[in-house]
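Data first, discussion second: the structure below is written as structure tokens.
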Amino acid sequence: MSRKAFAASDAEWAYHGGDLVRVGDIRLSPATHALNYGTGVFEGIRCYETDKGPAVFRLTDHLERLHN
């Protein structure tokens with residue numbers, strides 16, 4: 001059984017520092033801004049269940065940010 005330095009999921013690869021790298025090779029400092037201040041939360045797009053079916057809050061804004 002191998003031990004990974006950091007794994008948020010079972011994904012084998014992640015986009016990190018401008019490259020695709022193996023998740024187990026990623027090393028994060030405890031001083032990382034995203035860990036201390038939660039800024040990494042803005043890197044995801046969540047889909048919510050509604051009475052009218054799945055919905056994404058401000059999808060256009062998320063996609064524009066991703067594009068930029």
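Heavy atoms from other residues, nucleotides or ligands lying under 6.0 Å from CG of Asn68 number more than 12.
Side-chain N or O atoms of Asp25 include none that pairs as donor or acceptor with a backbone N or O of Val21 at under 3.5 Å.
Distance check: His16 NE2 to Arg22 CZ gives 15.5 Å after rounding to the nearest 0.5 Å. For the atom pair CG of Leu59 and CD of Glu64, the computed distance is 10.0 Å after rounding to the nearest 0.5 Å.
Nearest heavy atom pair, residue Thr50 against residue Ala55, reads CG2-CB, 3.8 Å.
Ile26 and Trp13 fall into different hydrophobic clusters, where Ile, Leu, Val, Met, Phe, Trp and Tyr residues are linked whenever their side-chain heavy atoms come under 4.5 Å apart, directly or through other members.
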